[in-house]
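The structure that follows is given in the form of structure tokens.
In this text the structure is predicted, and so the values were computed from the model without any measurement. Reminder, nothing fancy here: chain letters follow the sequence lines and each chain counts from 1. Computed from heavy atoms alone, side chains included, the values below leave out hydrogens, waters and symmetry copies.
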2 protein chains.
Amino acid sequence: MPNMKHIAKMAGVSLGTVSHVINNSARVSEPLRQRVLEAVDALHYQPSALARGLRRDKTNMIGMVIPDVTNPFFPAVVRGAEDTAFANGYRLVLCNTDNSHAKEMEHLEQLRTYLPAGLIIIPSSFGKLSEEVESFRRSGAAVVFLDRMPRNWKGDSVTVSNNDGAFRAVQYLIQLGHKRIACITGPLHLPNAQERLAGYKRGLKLAGIPILEDYVRKSTFDRVGGYNDALALLRLRNRPTAIFAQNDLMAMGTLLAIRELKLRCPQDVSVIGFDDLDVTELMDPPLASIRQPGYQLGSTAVQMLLDRVNVDEVRAAPGQHRVLGTELRIRESVAPPNATIGGKQPTR
Amino acid sequence: MPNMKHIAKMAGVSLGTVSHVINNSARVSEPLRQRVLEAVDALHYQPSALARGLRRDKTNMIGMVIPDVTNPFFPAVVRGAEDTAFANGYRLVLCNTDNSHAKEMEHLEQLRTYLPAGLIIIPSSFGKLSEEVESFRRSGAAVVFLDRMPRNWKGDSVTVSNNDGAFRAVQYLIQLGHKRIACITGPLHLPNAQERLAGYKRGLKLAGIPILEDYVRKSTFDRVGGYNDALALLRLRNRPTAIFAQNDLMAMGTLLAIRELKLRCPQDVSVIGFDDLDVTELMDPPLASIRQPGYQLGSTAVQMLLDRVNVDEVRAAPGQHRVLGTELRIRESVAPPNATIGGKQPTR
DNA sequence: TTGTAAGCGTTATCAG
DNA sequence: CTGATAACGCTTACAA
């Protein structure tokens with residue numbers, strides 16, 4: 001592969017001049033500039049990102065740490081981040097933590113040694129994380145937390161209005177006449193799960209409906225979790241008439257559990273999710289959900305990160321917490337309790 | 001951040017010795033070894049991946065180029081790749097090409113300057129691609145094509161039995177009594193789309209059913225594409241009784257088109273997809289599909305790549321073409337033509 | 001077994 | 001405006 005020396009020789013100039021031309025770091029006379037550019041073109045020269053990074057103490061990579069690409073909510077986020085990063089000349093290094101603290105830490109330690117320009121992280125644990133994240137900042141990388149963050153985080157973050165979204169979901173169910181409303185939560189050490197739970201409770205409280213312990217099931221943010229905890233809920237003597245699942249994957253598990261028990265959704269049980277994945281409208285029944293702007297979450301995170309890295313006024317500014325809105329999407333998986341749906345055949 | 005010099009000073013040894021301890025590249029006396037290790041621990045030292053890569057002419061990154069994480073088939077592949085890479089100490093750099101040749105090339109050019117150990121690519125174009133890929137190999141990176149590859153590619157690849165999968169889908173439809181079977185294809189410059197089309201035609205031919213041009217719609221591998229071309233098919237005077245969509249996203253679009261025209265699936269039109277995404281069983285109606293082993297595709301690709309990089313016997317071996325099997329998954333979206341489904345209410 | 005030093009491909013400083 | 005030259009942090013002959 002050609003390097004700067006080759007270019008310099010071919011163009012008959014010094015190394016420094018080549019560098020200056022490539023980086024516009026000093027005025028170079030037009031004839032020399034041209035010769036350099038021609039050589040670059042002729043040899044298909046691309047500067048070594050490694051050497052450059054080593055020298056500059058910073059690369060054009062952005063580390064992105066997420067729990068699991070396989071959860072359909074995250075790809076949209078990743079895509080938003082990737083697009084914005086790419087448009088600005090940055091590259092994304094994707095890391096799956098698989099919800100494991102150990103994996104998360106290992107990824108971070110490794111990532112740091114590449115001197116990325118920044119780090120975007122959807123954390124799945126909060127133990128020694130802050131410490132590790134601190135050393136990213138010390139090494140000059142900008143850090144943005146996405147979707148969730150440690151309690152005491154003072155830096156940049158982008159999240160969604162979890163509490164509000166959950167609140168409105170519950171409010172809508174109540175408005176339909178539901179009183180026995182259950183909630184399947186994500187792992188409660190995750191702030192977003194907590195916030196959604198808080199929103200759920202707020203909704204019930206406001207309507208004067210007592211919060212039953214049995215109706216709150218701590219689960220995992222996946223289909224299996226939703227399935228298992230929905231089964232448990234549906235087997236209660238005092239079965240809920242509506243279930244709010246804290247994400248769509250769990251809502252899907254809930255639908256499966258409802259089928260399993262030969263119940264019907266929404267006639268016997270209403271279900272509402274959170275995320276509003278693309279497939280919700282195609283489901284049986286179409287799943288009501290709280291929409292989260294995944295793509296925007298990712299692209300906003302990268303934008304904030306790059307501003308902090310490149311914009312002088314922002315570099316030293318205090319941490320920004322950006323909160324994006326959520327939106328209730330009503331679909332056929334919710335109905336009044338014990339409703340016979342007018343004009344519609346029961347779905348299977 | 002601490003570097004090797006710090007460790008050397010702290011342990012009272014030379015730079016070279018530290019390096020030897022860290023890489024096990026030479027026998028170092030136990031006492032020195034211990035002192036080095038202690039210093040490493042005390043300072044939380046991590047070698048700079050940039051410096052190391054620059055010196056070794058190779059990093060522990062694997063570039064992964066895919067069309068779009070947002071297509072739910074790819075995350076499984078990415079996840080399989082990520083897991084296997086991580087387990088072997090490698091990191092994945094993810095690049096979305098958005099099905100654009102330009103983006104693809106730009107990603108590749110940039111990627112190469114990081115001297116990745118390898119490249120896994122699901123190509124979305126084939127123009128100057130081979131050329132660029134060649135320079136990866138010259139720079140010492142192993143390259144594995146995934147899911148599709150250029151005609152003349154002689155290196156490693158992992159694909160699935162596209163032709164066979166499509167063939168069996170069509171065969172099944174025919175067996176149910178269908179004669180008017182349409183096919184919505186992906187972009188035909190993509191080999192996998194071609195193969196699936198060939199499998200479709202093979203199935204029809206074998207049954208002596210003529211292949212109608214009107215029944216083959218060249219589309220794009222997304223929901224909108226499926227929707228539009230399904231609409232066109234469903235408006236034909238001689239409407240097909242079954243539609244084979246070359247991926248699940250297009251099959252979903254097809255279901256939407258069917259609803260739009262107030263037809264019913266499967267009573268009026270049977271639909272079968274390709275991919276077998278996780279959500280298929282929850283759809284309305286549950287979507288029949290050809291299963292592709294996404295995760296395995298990704299993990300196999302990384303495995304092949306690492307073998308070529310690290311295993312002496314493999315390094316110089318001729319390119320391997322691994323083909324993974326597909327599997328027909330029957331679900332309620334297919335039925336005999338004009339069937340009144342016994343005991344079931346028509347779905348909506 | 002351990003230390004020394006060259007060099008990987010850049011950038012940045014400093015003379016000229 | 002241009003050219004030497006010293007880092008950046010590491011690996012790897014080679015010398016001691």
Indicate for each nucleotide in nucleotides 8-16 of chain C, in 5' to 3' sequence, whether protein heavy atoms under 4.0 Å reach the base (B), only the sugar-phosphate (S), or nothing (-).
-> BBBBB----
Just list the side-chain donor-acceptor pairs under 3.5 Å for residues 63-78 of chain B, sequence neighbours left out, or say none.
{"unit_1": "B/Asp68", "atom_1": "OD1", "unit_2": "A/Arg79", "atom_2": "NH1", "d": "2.7"}
{"unit_1": "B/Asp68", "atom_1": "OD1", "unit_2": "B/Thr70", "atom_2": "N", "d": "2.9"}
{"unit_1": "B/Asn71", "atom_1": "OD1", "unit_2": "B/Phe73", "atom_2": "N", "d": "3.0"}

Side chain to side chain contact (heavy atoms under 4.5 Å, CB included) with B/Glu134: which residues, sequence neighbours excluded?
->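 Partners of B/Glu134 under the side chain to side chain contact (heavy atoms under 4.5 Å, CB included) test: B/Arg137, B/Arg138.
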Contact boundaries on DNA chain D for chain A, cut-off under 4.0 Å to non-hydrogen atoms =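 With heavy atoms of chain A under 4.0 Å away, the range is D/dC1 to D/dG9.
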Can you sort out which residues in residues 105-117 of chain B have a heavy atom within less than 4.0 Å of DNA chain D? Ascending by number, please.
->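 Here the set is empty: none.
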Result block: side-chain N/O donor-acceptor pairs under 3.5 angstrom for residues 42-49 of chain A, not counting sequence neighbours:
{"unit_1": "A/His44", "atom_1": "ND1", "unit_2": "A/Asp41", "atom_2": "O", "d": "3.4"}
{"unit_1": "A/Ser48", "atom_1": "OG", "unit_2": "A/Leu50", "atom_2": "N", "d": "3.3"}
{"unit_1": "A/Ser48", "atom_1": "OG", "unit_2": "A/Ala51", "atom_2": "N", "d": "3.0"}

How sharply is the helix from C/dT1-D/dA16 to C/dG16-D/dC1 bent, taking the axes over five pairs at either end and rounding to 10 degrees?
->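 Taking the rotation axis at each end, their angle is 50°.
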Selection residues 9-20 of chain A - residue pairs positive for salt bridge (charged side-chain N to carboxylate O under 4.0 Å, His left out), sequence neighbours left out =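 Matches after skipping sequence neighbours: none remain.
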Report the residues that fulfil side chain to side chain contact (heavy atoms under 4.5 Å, CB included) with B/Leu324, sequence neighbours left out, ordered by chain and then residue number.
->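 Per chain and number, B/Leu324 pairs via side chain to side chain contact (heavy atoms under 4.5 Å, CB included) with B/Val158, B/Val160, B/Pro293, B/Gln296, B/Leu297, B/Thr300, B/Arg322.
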Just jot down the ring-ring contact (aromatic ring centres under 6.0 Å, His included) partners of A/Phe145, sequence neighbours excluded, or say none.
->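 Checked A/Phe145 against ring-ring contact (aromatic ring centres under 6.0 Å, His included); matches are A/Trp153.
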Set of residues satisfying salt bridge (charged side-chain N to carboxylate O under 4.0 Å, His left out) with respect to A/Glu313, sequence neighbours excluded |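 Here no residue qualifies.
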Taking only residues two or more places apart in sequence or in another chain, which ones pass ring-ring contact (aromatic ring centres under 6.0 Å, His included) with B/His20?
->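 Residues passing ring-ring contact (aromatic ring centres under 6.0 Å, His included) with B/His20: none at all.
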